[in-house]
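Only one structure is covered here, and it is reproduced in the block below.
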Amino acid sequence: MAETKYIFVTGGVVSSLGKGIISSSIGKLLQARGYNITIQKFDPYINIDPGTLNPYEHGECYVTVDGMETDLDLGHYERFTGIQTTKANSLTTGRIYKAVIDKERRGDYLGKTIQVIPHITDEIKRRVKLLGKQSNFDFVITEIGGTVGDIESTPFLEAIRQLKWELGSNALCVHLTYVPYLKAAEELKTKPTQHSVKELQSIGIQPDILVLRTEKHLSDNIRRKVAAFCNVDFDCVVQSEDLPSIYDVPVNMQGQGLDVAILRKMGEPIGETPQLGPWRTFLDKLKKAKDVVKIGLVGKYDLQDAYKSIRESLSQAATYNDHKVEMTFINSEKVTKENVAEMLANQDGIMICPGFGQRGIEGKIIATQYTRENDIPTFGICLGMQMMVIEFARNVLGYKDANSREMDATTNHNVIDIMEEQKNITNMGGTMRLGAYECILDKNSKVYSIYKSELIKERHRHRYEFNNEFESEFVNNGMRCVGKNPESDLVEIVEIPNLKWYIGTQFHPEYQSTVLKPHPLFLDFIKTAIANKKN
């Protein structure tokens with residue numbers, strides 16, 4: 001392939017139709033055909049990135065290897081395709097406008113009046129093409145957040161309109177819409193799709209392929225009707241039905257020839273249909289798994305998207321251990337010494353979830369004490385690991401006021417403290433320890449036997465750290481610091497070796513777990529939880 005080809009994925013009718021899953025599936029299918037692909041996300045909100053957004057509003061914040069705080073869809077892109085995304089794969093209206101305003105302040109525009117067209121749209125177009133130019137990708141898939149008709153999305157859609165005109169057959173638009181089923185009439189309704197396409201056409205974009213989200217199977221007659229009304233080829237009207245798992249979507253899309261339609265439209269040779277062998281093996285294991293392993297998620301965000309990557313990592317790990325995972329959210333604000341046994345009952349393993357701030361931390365500390373004293377497999381991530389450390393300091397070392405400087409600035413036993421370089425930071429956004437850092441593992445540790453490697457690299461998102469001044473006291477009393485950053489000596493992993501599985505990581509291993517390469521820590525945690533259940 002000489003020139004990079006660009007696929008734009010837009011959405012209509014309602015949000016949350018699964019543009020991220022469709023974008024990931026298209027990437028997976030093209031990748032299986034031997035193409036070098038990447039996927040980027042454009043979010044229409046004005047925040048610079050989702051790093052300062054409340055998880056209730058936007059789900060989890062996903063972190064790339066180079067330390068960009070991004071939308072959770074980038075997690076889907078990585079889990080489906082195994083590629084690593086970077087800051088170039090995630091853009092917001094805020095970042096686009098900031099780039100243009102910075103240029104204007106430097107005088108780059110030579111005194112011109114700065115306008116949405118051409119200056120904002122030119123910057124969007126430059127960012128779309130940048131990935132293709134820099135890394136010689138065959139396909140760049142660009143997902144536009146929001147819904148067609150939103151005022152916020154307009155500059156992005158105008159940029160797509162211009163790019164489709166400029167790039168000709170090297171650009172293609174996949175539009176995702178919704179076909180509702182009216183129970184009273186017992187009918188599927190295509191009118192919302194027709195209106196959504198009309199809205200797109202009024203901007204000057206003719207979609208090349210339609211993906212219809214539906215809860216009921218669509219007949220060929222309905223697809224023909226949509227094709228006729230929307231000026232789209234019949235074989236380019238694809239349905240995306242509700243499926244047992246999001247990982248069934250690529251296979252379903254391939255079965256309907258979505259990848260073939262894209263290649264035909266873009267003038268690429270079709271070739272043989274790839275078998276997706278390892279992917280189908282994973283799906284086979286997923287479907288055959290009957291036994292259940294129960295994992296309790298102790299956290300404060302009662303929203304499944306808030307811990308999306310953790311949930312997917314647990315699910316993948318359970319699949320490879322021939323089990324289904326049943327996850328129970330345990331609200332840490334409601335956990336007390338009196339009810340902890342009841343709230344954590346019947347769980348084969350406990351996950352102490354990450355987070356920020358004071359709310360719900362005492363419940364997490366009570367939960368970690370209970371799992372430590374009752375030897376229940378426990379996995380703490382980021383703030384979860386810090387809670388394990390504070391609990392140990394309070395109840396084993398006897399420091400009743402032990403805490404993190406984040407929660408109590410006056411404590412004498414600041415077993416978790418702010419990093420030196422973080423002390424004078426006043427901006428909240430993008431100023432933490434972010435992205436992938438190296439970690440050296442102690443060869444006489446459980447984590448070394450899990451990773452089977454002395455040097456690992458994992459992604460971070462935090463501001464506070466284990467205070468090394470207390471390390472010898474922890475080690476002498478049974479909690480070991482078994483993973484450290486080689487440059488800063490910062491503690492990355494703690495474990496209690498004489499328990500079945502009691503490990504806390506300062507980093508976020510869930511960001512590295514993919515469908516075809518599940519994370520070793522999650523695999524081993526689930527394996528131990530299954531053994532714990534059997535005992």
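All values below come from the heavy atoms of this structure, side chains included, with hydrogens, waters and symmetry mates left out.
Applying the salt bridge (Lys or Arg N to Asp or Glu O under 4.0 Å) test to Glu492 and every residue at least two apart in sequence or in another chain returns Arg433. With sequence neighbours excluded, the residues satisfying side-chain contact (heavy atoms from CB on, under 4.5 Å) with Asn47 are Tyr45, Thr52, Leu53. Applying the salt bridge (Lys or Arg N to Asp or Glu O under 4.0 Å) criterion to Lys265, with sequence neighbours excluded, gives Asp233. Applying the side-chain contact (heavy atoms from CB on, under 4.5 Å) criterion to Arg105, with sequence neighbours excluded, gives Ile101. Listed by chain and number, the residues in a salt bridge (Lys or Arg N to Asp or Glu O under 4.0 Å) with Lys189 are Glu187 (sequence neighbours excluded). Every residue two or more places apart in sequence or in another chain that forms a side-chain contact (heavy atoms from CB on, under 4.5 Å) with Arg461 is listed here: Cys61, Val63, Glu69, Phe356, Met432, Leu434, His508, Tyr511. By the ring-ring contact (aromatic ring centres under 6.0 Å, His included) test, Phe229 is found to be paired with no residue, residues two or more places apart in sequence or in another chain being considered. Scored by the ring-ring contact (aromatic ring centres under 6.0 Å, His included) test, Phe80 finds Tyr247, Trp279 as partners (sequence neighbours excluded). For the ring-ring contact (aromatic ring centres under 6.0 Å, His included) test, residues two or more places apart in sequence or in another chain that qualify with Tyr451 are His519. The side-chain contact (heavy atoms from CB on, under 4.5 Å) check on Ile117 picks up Thr121, Glu158, Gln162, with sequence neighbours excluded.
Ring orientation note: the planes of Phe282 and Tyr320 are tilted relative to one another, at an angle of 30° to 60°.
Around atom CD of Gln115, more than 12 heavy atoms belonging to other residues, nucleotides or ligands sit under 6.0 Å away. The environment of NZ in Lys125 is crowded: more than 12 heavy-atom neighbours from other residues, nucleotides or ligands sit within 6.0 Å. Heavy-atom neighbours of Leu455 CG from other residues, nucleotides or ligands within 6.0 Å: above the threshold of 12. Residue-environment remark: CG (Leu130) exceeds the threshold of 12 foreign heavy atoms within 6.0 Å. At most 12 non-hydrogen atoms from other residues, nucleotides or ligands lie less than 6.0 angstrom from NZ of Lys457.
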Query raised in the report: Is there a side-chain contact (heavy atoms from CB on, under 4.5 Å) between Leu314 and Leu297 once you walk through the steps?
Result: CA-CA 11 Å; Leu314 288 167; Leu297 271 61; 3.9 Å; yes
Report task. Any chance you could lay out the side chain to side chain donor-acceptor pair (under 3.5 Å) test for Arg95 and Ser90, step after step, and finish with the verdict? Result -> CA-CA 9 Å; Arg95 273 182 79 196; Ser90 174; 5.0 Å; no
Query - Stepwise salt bridge (Lys or Arg N to Asp or Glu O under 4.0 Å) test for Arg33 and Glu268 - result: CA-CA 11 Å; Arg33 289 177 174 273; Glu268 282 295 303; over 6 Å; no
Query raised in the report: How far apart are the C-alpha atoms of Arg106 and Asp102, what are their side-chain angles, what is the distance that settles it, and do they pass the salt bridge (Lys or Arg N to Asp or Glu O under 4.0 Å) test?
Result: CA-CA 6 Å; Arg106 284 198 307 267; Asp102 287 346; 5.6 Å; no
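Atom-to-atom distance recorded for Phe8:CZ and Ile205:CD1 is 9.0 Å, nearest 0.5 angstrom. Within the model, atoms CZ of Arg224 and CD1 of Ile222 stand 12.0 Å from one another, a figure rounded to the nearest 0.5 Å. In this structure, CG on Asp71 lies 13.0 Å from CD on Gln40, to the nearest 0.5 angstrom. How far CG of Asp259 is from CG of Leu29: 4.5 Å, rounded to the nearest 0.5 Å. Interatomic distance, Lys28 NZ to Ile83 CD1, rounded to the nearest 0.5 Å: 10.5 Å. In this structure, the separation between OG1 on Thr38 and CD on Gln84 is 11.0 Å, given to the nearest 0.5 Å.
Listed by first and then second residue, the ring pair (Phe, Tyr, Trp, His ring centres under 6.0 Å) pairs that reach into residues 86-117 are Tyr109-His119, sequence neighbours excluded. Legend: ring pair (Phe, Tyr, Trp, His ring centres under 6.0 Å) pairs involving residues 153-199, not counting sequence neighbours, sorted by first then second residue: Phe42-Phe156.
Not one N or O on the side chain of Glu78 forms a donor-acceptor pair closer than 3.5 Å with the backbone of Ser513. Looking at Thr147, its side chain never comes within 3.5 Å of a backbone N or O of Asp150 through a donor-acceptor pair.
Side chains of Glu152 and Thr93: no donor on one and acceptor on the other come within 3.5 Å. Asn221 and Ser219 share no side-chain donor-acceptor pair at under 3.5 Å.
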